[in-house]
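Below: the structure, in structure tokens.
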Amino acid sequence: MARCSPPLLRRFFCCAANSASTTAAAGPKKKNIVFLGSPQVAASVLDTLLDASSSPDSAFQVAAVVTQPPAAQNRGRKLLPSAVAQLALDRGFPGDLIFTPERSGEESFLSDLKEVRPELCITAAYGNILPQRFLDIPPCGTVNIHPSLLPLYRGAAPVQRALQDGVAETGVSLAYTVRALDAGPVIACERFSVDDCIKAPELLAILFNIGSKLLLDELPSVLDGSAKQKAKPQDDSKVTLAPKMNSDESWLTFDEGARLLHNKVRAFSGWPGTRAKLQLMNQNGEPEVLDIKVISTKVSTSCEKPGDENEILFSGNSLLIPCNGSTWLEVLELQLPGKKVTTARDFWNGLRGRKLLKSL
């Protein structure tokens, strides 16, 4: 029989998959954990937890999964589950234990969560603010995998803002969740060196992979309560913020230095991407505005080819765009509206000798 969803609570599946109930079956010695997450990087954390919980000597089991409601995606605007919900379903997790509340403070959701009787909640890129009523439920607390070295880069976009700042080192922190944003005591952290080519999607995946292993290492102390004694309060005097990305920020202006623009391309890779307006001279010598999406870049401090201060050149496999401070942004890959990503060489060949200028 179908189980009706309570008002205000959206669940992806309303009926249990009885044949798959072993994943969350009650075990006398295993402690219940509830996982909260939404995007693909969070799905990788859930996958790791499910693998670990299936071990006969595991001290915990994943009792429920909480994620964002199904959302319209792609051109068809079809409602699709989050990456976490899809992973859980693919792993045979019971559909009635995948909760998708619009807000984590909904009474019906909190009531259902209490029925699960979680000892601990774990969050990884969940995307919803947790109220105190939620945080009061699990006796072992709620811990979060945050992809920065807290208290640096508190907020929604720590990896992107770190890359935008051109950091040489970042990392991942495992911290208790409190009402203040990413401000809880840090249980453990691990550092990671950042090269000048890595982009946000790749770095996010790496850091959450590290965070998954860090979580498994620390879970015994979190579940027995000893982690609360060793967790270190954050130094609020060293806090930096990582606000959510905004599509209005995605435009490149070449009156900035090439290094700043290159870091922005890396940071904004994936979503929202980086865009630029160029001028393509037509056969009559008149400029036509050309919008491009900049995909991959490098930085150059010199250019051997002559050209005026606004002319875009081509050398090797790169478009060379003059920037502030006598620096050059090398564009290796780009995308025209409605087209697939192309190499700079193929794009340049398609110009057939027409002059290309940066927009003023």
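Counting begins at 1 with the first residue of the sequence. Since the structure is predicted, the reported quantities are computational estimates derived from the model, not experimental observations.
- A 6.0 Å sphere centred on CZ of Arg117 holds no more than 12 heavy atoms belonging to other residues, nucleotides or ligands.
- At least one side-chain heavy atom of Leu215 sits under 4.5 Å from a side-chain heavy atom of Ile145.
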TODO: Please test Val341 against Leu334 for side chain to side chain contact (heavy atoms under 4.5 Å, CB included), starting from the C-alpha separation and ending with a verdict.
DONE: CA-CA 6 Å; Val341 174; Leu334 65 149; over 6 Å; no

Open item on the list: Please determine whether side chain to side chain contact (heavy atoms under 4.5 Å, CB included) holds for the pair Leu320 and Ile312, giving the CA-CA distance in whole Å, both sets of side-chain angles, and the decisive distance to 0.1 Å.
Closed with: CA-CA 6 Å; Leu320 298 175; Ile312 297 172; 5.8 Å; no

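- A continuous path of Ile, Leu, Val, Met, Phe, Trp and Tyr side chains, each step under 4.5 Å between heavy atoms, connects Leu216 with Leu87, placing both in one hydrophobic cluster.
- The same ILVMFWY cluster, assembled from side-chain heavy atoms under 4.5 Å apart, contains both Leu163 and Phe208.
- Rounding to the nearest 0.5 Å places CZ of Phe60 at 8.0 Å from NZ of Lys30.
- For residues 193-215, the set of pairs meeting the side-chain hydrogen bond (donor to acceptor under 3.5 Å, both in side chains) definition, not counting sequence neighbours, comprises Lys199-Ser296.
- A side-chain donor-acceptor contact under 3.5 Å links Asn144 and Thr123.
- Two different hydrophobic clusters hold Leu260 and Tyr153 under the rule that ILVMFWY side chains link at heavy-atom gaps under 4.5 Å.
- Note: Ser326 OG to Glu309 CD = 10.5 Å, rounded to the nearest 0.5 Å.
- Ile206 CD1 to Thr170 OG1: the interatomic distance, rounded to the nearest 0.5 Å, is 11.5 Å.
- Here the CG atom belonging to Leu113 is positioned 4.5 Å from the CD1 atom belonging to Ile137, to the nearest 0.5 angstrom.
- Nearest heavy atom pair, residue Lys264 against residue Thr274, reads O-CG2, 3.7 Å.
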Open item on the list: Would Leu223 and Glu218 count as a side chain to side chain contact (heavy atoms under 4.5 Å, CB included) here? Give the steps.
Closed with: CA-CA 9 Å; Leu223 290 171; Glu218 299 296 332; over 6 Å; no

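- When all heavy atoms are compared, the tightest approach of Ala258 to Val299 is O-CG2, 3.8 Å.
- Residues Leu261 and Cys323 are in side-chain contact: their nearest non-hydrogen atoms beyond the backbone lie under 4.5 Å apart.
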Donor-acceptor pairs are to be reported for all side-chain atoms of residues 174-187 against protein atoms at under 3.5 Å, with residues two or more places apart or in another chain.
{"unit_1": "Tyr176", "atom_1": "OH", "unit_2": "Lys228", "atom_2": "N", "d": "3.4"}
{"unit_1": "Arg179", "atom_1": "NH1", "unit_2": "Leu130", "atom_2": "O", "d": "2.9"}
{"unit_1": "Asp182", "atom_1": "OD2", "unit_2": "Gly155", "atom_2": "N", "d": "2.8"}

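- Within the model, atoms CG of Asn246 and CZ of Phe268 stand 8.0 Å from one another, a figure rounded to the nearest 0.5 Å.
- The hydrophobic cluster containing Leu357 does not contain Val331, counting ILVMFWY residues as joined when their side-chain heavy atoms lie under 4.5 angstrom apart, directly or transitively.
- Heavy-atom minimum distance, Leu252 versus Ala276: CB-CB, 4.4 Å.
- Counted by atom type alone, His146 and Ser173 present zero donor-acceptor pairs between their side chains at under 3.5 Å.
- A pairwise comparison of heavy atoms in Pro272 and Met245 identifies CD-CB, 4.2 Å as the closest pair.
- If you chain together hydrophobic residues whose side chains sit under 4.5 Å apart, Met281 and Leu278 never meet in one group.
- Cluster partners of Leu332 are absent, since no Ile, Leu, Val, Met, Phe, Trp or Tyr has side-chain heavy atoms less than 4.5 Å from it.
- A side-chain donor from one of Asn317 and Arg345 sits under 3.5 Å from a side-chain acceptor of the other.
- Using a cut-off of 4.0 Å between Lys/Arg side-chain N and Asp/Glu carboxylate O, Arg275 and Asp291 are scored as not salt-bridged.
- At a cut-off of 3.5 Å, with distance as the only test, a side-chain donor of Ser82 or Thr67 sits close to an acceptor on the other residue.
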TODO: Give the intermediate values and the outcome of side chain to side chain contact (heavy atoms under 4.5 Å, CB included) for residues Asn32 and Gln61.
DONE: CA-CA 5 Å; Asn32 285 344; Gln61 62 182 0; 2.7 Å; yes

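- Below 30°, between 30° and 60°, or above 60°: for Phe99 and Phe109 the angle between ring planes is above 60°, a perpendicular geometry.
- The side chain to side chain contact (heavy atoms under 4.5 Å, CB included) test with Leu120 is passed by exactly one of Thr142, Val34, Val143: Val143.
- The two residues Ala42 and Gly37 make their nearest non-hydrogen contact at CB-CA, 3.9 Å.
- A 4.5 Å side-chain heavy-atom check between Phe192 and Val172 finds every atom pair outside the cut-off.
- Residues Phe254 and Lys358 form a side-chain contact, since some pair of their non-hydrogen atoms from C-beta on lies under 4.5 Å apart.
- With contacts defined as side-chain heavy-atom distances shorter than 4.5 Å, the pair Gln160/Leu204 qualifies.
- Taking 4.0 Å as the cut-off between side-chain N and carboxylate O, Glu249 and Arg161 count as a salt-bridged pair.
- Ser318 and Glu330 share a side-chain donor-acceptor pair at under 3.5 Å.
- Side-chain N/O atoms of Gln283 and Arg354 include no donor and acceptor closer than 3.5 Å.
- Of the inter-residue distances, the one linking Ile210 atom CD1 with Arg191 atom CZ reads 12.5 Å to the nearest 0.5 angstrom.
- Looking at Val239 and Arg154, their side chains come closer than 4.5 Å, going by heavy atoms from C-beta outward.
- Using a 4.5 Å cut-off on side-chain heavy atoms (C-beta onward), Leu336 and Thr342 make no contact.
- Here the closest heavy-atom approach between residue Ala63 and residue Val116 is recorded as CB-CG1, 3.5 Å.
- In this structure, Pro101 and Glu106 have side chains that are in contact, with non-hydrogen atoms separated by less than 4.5 Å.
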